[in-house]
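Written below as structure tokens is the structure these notes are about.
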There are 2 protein chains.
Amino acid sequence: MNLKQLSEKLGLSQTTVSRALNGYPEVNEETRRRVVEAARQYDYRPNARAKGLATGRAMAIGHVIPISAKFEIVNPIFADFIAGAGESYSKAGYDMLISVVRNDDEERVYRDMKSKGNVDGVIVHSPRLNDSRIGQLHEIGLPFLVHGRSSGCDIGYSWIDVNNRRAFERATRFLLDLGHRRIALLNGPEMMDFAIRRRAGFENALHDAGIDPDPALMHSAEMTEGFGHRAATEALALPEPPTAFLVASILIAIGVRRAIEESHLTMGRDISVVTYDDDLSYLRNGDDIPIFTAVRSSVREAGRLAAEMLLSAIADPGLPHLDRLLEAELTVGQSTGPVAVRS
Amino acid sequence: MNLKQLSEKLGLSQTTVSRALNGYPEVNEETRRRVVEAARQYDYRPNARAKGLATGRAMAIGHVIPISAKFEIVNPIFADFIAGAGESYSKAGYDMLISVVRNDDEERVYRDMKSKGNVDGVIVHSPRLNDSRIGQLHEIGLPFLVHGRSSGCDIGYSWIDVNNRRAFERATRFLLDLGHRRIALLNGPEMMDFAIRRRAGFENALHDAGIDPDPALMHSAEMTEGFGHRAATEALALPEPPTAFLVASILIAIGVRRAIEESHLTMGRDISVVTYDDDLSYLRNGDDIPIFTAVRSSVREAGRLAAEMLLSAIADPGLPHLDRLLEAELTVGQSTGPVAVRS
DNA sequence: GACGATTCTCAAAGCGCTTTGGCAGACCGA
DNA sequence: TCGGTCTGCCAAAGCGCTTTGAGAATCGTC
């Protein structure tokens with residue numbers, strides 16, 4: 001059933017039916033009622049492509065999710081971010097287009113999207129230091145919003161981010177207050193902007209306490225259980241092992257816990273662990289009491305907000321850049337305690 | 001740059017330029033060369049909506065991913081499945097449209113997609129027992145492929161699935177061969193078809209060994225770390241605790257391991273664990289030697305194949321239903337051993 | 001040199017919608 | 001009664017592409 005057929009059934013012109021359905025004022029309320037009723041009855045839904053062609057709007061947002069070229073890893077936060085964004089989109093009648101892409105040809109994908117015209121805007125994931133994509137998107141002229149920020153990028157852009165520096169500063173200070181002095185940092189990949197900020201927060205807090213960060217205790221890699229296990233095993237074997245770990249994701253923390261237990265130590269007593277927690281739906285930090293002491297911010301909520309912000313930026317292109325900084329909350333779990341007395 | 005402008009630049013008609021770019025035979029090779037070169041130079045890419053409108057094909061596939069209404073959980077396998085499917089799509093020039101949807105109004109989404117015409121087919125995720133979506137999609141007339149199967153559904157349909165029954169049968173038999181007699185099953189939600197098949201495999205193997213499955217040792221829930229921990233803690237506190245666990249995902253297994261360690265037991269010595277492993281990129285089962293003994297099948301590979309199969313079904317609608325049954329492989333890790341002697 | 005076959009190119013219709021510009025009729029005040 | 005303003009509706013153009021049906025140009029053949 002298309003518009004033409006529907007209008008014939010109603011004995012009205014396509015114009016009137018279209019206007020009636022799209023809420024234009026210049027149509028009799030009684031006529032509108034009839035039209036809406038008929039549309040419902042015949043299960044009429046306008047063809048998205050035709051509508052898009054006529055209006056110039058695609059009613060869709062693109063997400064380009066990069067795959068780490070080396071490790072082929074898909075960041076597990078995407079599932080939840082996308083679930084959050086999807087909620088906002090479906091409320092607004094937008095679709096979500098996803099491209100999974102090897103890092104190297106992201107620009108091509110953006111240009112494709114622009115010229116193929118199948119999206120009205122994009123969400124940029126996993127920004128790196130001084131990320132070139134931001135400049136490219138500006139030049140291409142595709143509205144976008146960055147999930148995260150890109151330090152060193154001097155062009156204005158819209159973003160939503162967690163205050164990563166502050167979160168890690170607080171987490172580090174929390175460990176310092178418990179008496180820990182040798183704290184290991186298991187960070188995400190440090191070409192990523194969020195990892196750089198987290199490291200800065202960690203180092204700030206140490207400096208404020210008069211401690212020099214020890215490079216031997218700082219590691220950076222893809223955030224997997226394996227990384228946590230490997231790095232923690234090595235660290236615990238050092239002549240002067242750390243008494244605490246600050247790690248960038250629950251998966252890393254789980255690996256650290258495994259290493260701690262393999263060393264016949266007890267987490268929370270012998271070794272403390274604080275983790276960043278994205279509050280993923282399938283990887284909750286304990287049901288009632290948290291397993292890990294954590295700085296937490298819901299990535300799903302971030303997805304919801306990111307989508308809303310981008311949509312409003314698209315709806316009103318005159319708007320200045322939008323941004324939003326979320327604060328992570330520090331929740332105390334069973335994985336931390338005062339520093340153990342050296343035996 | 002659109003077709004009209006390009007053809008004016010070339011001094012050719014839109015027809016000729018279109019045919020040249022789409023590889024039609026009735027165009028001079030020299031002309032085609034000129035056209036292709038100009039298209040490259042001006043970075044011309046046909047507008048997807050206009051093309052779709054003209055051809056009736058959307059060049060996009062929809063994925064409807066359901067959110068568990070009760071727990072709001074997004075199954076973590078989606079990230080990898082979609083990464084796999086995405087590879088096949090981009091090779092074929094297709095886009096991927098994702099709808100995240102509360103279980104209840106999936107049918108509406110399918111009808112929307114059909115009448116809005118923004119996809120050429122859909123992948124159906126997480127089929128349940130006698131899943132009503134299969135009948136609906138048949139009726140709607142939207143090509144589809146099911147990731148999994150739906151027992152009790154008597155309509156023909158295309159699918160790709162892992163031999164879940166066989167995988168769990170083998171895993172159970174493996175434990176039986178090690179002398180285990182009390183084996184706990186921590187299964188996925190048993191309204192899901194894969195969970196039903198896994199349970200059947202488990203029970204088959206037990207029956208064959210002359211053992212009656214003990215309902216007190218069988219649990220079914222969303223596959224989270226928390227579930228594994230909770231269920232294992234309870235099971236280990238039974239008067240007659242299990243000596244082994246067979247679980248449906250690595251996340252569950254991680255929870256089980258936590259419970260085992262909290263009980264001051266050793267996994268692989270006191271208690272054996274076998275898990276199903278989807279081979280998720282961010283949740284590898286150990287780097288070199290597997291942590292858990294596991295039956296493994298890559299969900300990413302399944303995504304790749306699913307996409308290919310659906311595309312070929314769409315390309316050739318006359319084809320009979322396609323199906324593909326993948327076998328999981330059993331790899332032995334550190335989490336299993338002969339049954340411990342009762343002390 | 002005429003003619004059909006072949007090769008290349010084109011104008012125009014059509015995909016399903018929105019939107020511009022306009023037209024008939026009702027209504028009102030003068 | 002007449003001109004003007006609203007109200008409610010419509011015909012037709014246009015979005016950017018594909019595809020049909022046909023015409024011009026070239027060629028080989030008798």
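In what follows, chains carry the letters A, B, and so on, assigned in the order in which the sequence lines appear, proteins first and then strands, with residues in each chain numbered from 1.
- Salt-bridge check for A/R33 with A/E37: failed, with every basic side-chain N at 4.0 Å or more from each acidic carboxylate O.
- In the 5' to 3' direction, nucleotides of DNA chain D lying under 4.0 Å from heavy atoms of chain A begin and end at D/dG8 to D/dG16.
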Filtered N/O pairs between nucleotides 23-25 of chain C and protein, under 3.5 Å:
none

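- Map B/E26 and B/L53 each onto its nearest nucleotide of DNA chain D; the residue landing nearer the 5' end is B/L53.
- Listed pair A/Y24 / C/dT19 meets the phosphate criterion, a side-chain N or O lying under 4.0 Å from OP1 or OP2.
- Residues passing the ring pair (Phe, Tyr, Trp, His ring centres under 6.0 Å) test with A/F194: none are found, sequence neighbours excluded.
- Remark on the helix from C/dG1-D/dC30 to C/dA30-D/dT1: inter-end axis angle 60°, axes from five-pair C1' superpositions, rounded to 10°.
- Defined by atom type and a distance below 3.5 Å, a donor-acceptor pair is missing between the side-chain atoms of A/S18 and A/T15.
- The aromatic ring centroids of B/H138 and B/Y157 lie 6.0 Å or more from each other.
- Of the charged side-chain nitrogens involved, none lies within less than 4.0 Å of a carboxylate oxygen, so that B/D193 and B/R149 do not count as a salt-bridged pair.
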Tell me which donor-acceptor pairs under 3.5 Å the side chains of residues 303-313 of chain A have, and how far apart each pair is, sequence neighbours excluded?
| residue | atom | partner | partner atom | Å |
| --- | --- | --- | --- | --- |
| A/R304 | NE | A/E301 | OE1 | 3.0 |
| A/R304 | NH1 | A/E87 | OE1 | 3.0 |
| A/R304 | NH1 | A/E87 | OE2 | 3.1 |
| A/R304 | NH2 | A/E301 | OE1 | 2.8 |
| A/S312 | OG | A/E308 | O | 3.4 |
| A/S312 | OG | A/M309 | O | 2.9 |

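- A heavy atom lying under 4.0 Å from DNA chain D marks the following residues of residues 27-39 of chain A, by number: A/V27, A/N28, A/T31.
- When the salt bridge (Lys or Arg N to Asp or Glu O under 4.0 Å) test is applied to A/R324, no partner is found at least two apart in sequence or on another chain.
- Using a 4.0 Å cutoff on non-hydrogen atoms, the parts of residues 3-21 of chain B near DNA chain D are B/L3, B/Q14, B/T15, B/S18, B/R19, ordered by number.
- With salt bridges taken as basic N to acidic carboxylate O contacts below 4.0 Å, one links A/D95 and B/K116.
- Qualifying ring pair (Phe, Tyr, Trp, His ring centres under 6.0 Å) partners for A/H147, counting only residues two or more places apart in sequence or in other chains: A/F81.
- Remark: B/R57 pairs with no residue by the salt bridge (Lys or Arg N to Asp or Glu O under 4.0 Å) rule, at least two apart or across chains.
- Taking 4.0 Å as the cut-off between side-chain N and carboxylate O, A/E107 and A/R133 do not count as a salt-bridged pair.
- Applying the side-chain hydrogen bond (donor to acceptor under 3.5 Å, both in side chains) criterion to A/R45, with sequence neighbours excluded, gives A/D43, B/D112, B/S115.
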Worksheet item: Would B/L129 and B/M191 satisfy side-chain contact (heavy atoms from CB on, under 4.5 Å), going step by step from the backbone distance to the final call?
Response: CA-CA 6 Å; B/L129 184 69; B/M191 66 277 232; over 6 Å; no
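- Every residue was checked against the salt bridge (Lys or Arg N to Asp or Glu O under 4.0 Å) condition with A/R34, not counting sequence neighbours, and none meets it.
- Remark: B/R111 engages B/E139 in a salt bridge, criterion side-chain N to carboxylate O under 4.0 Å.
- Place B/P25 and B/T55 on DNA chain C by their nearest nucleotides, and B/P25 ends up nearer the 5' end.
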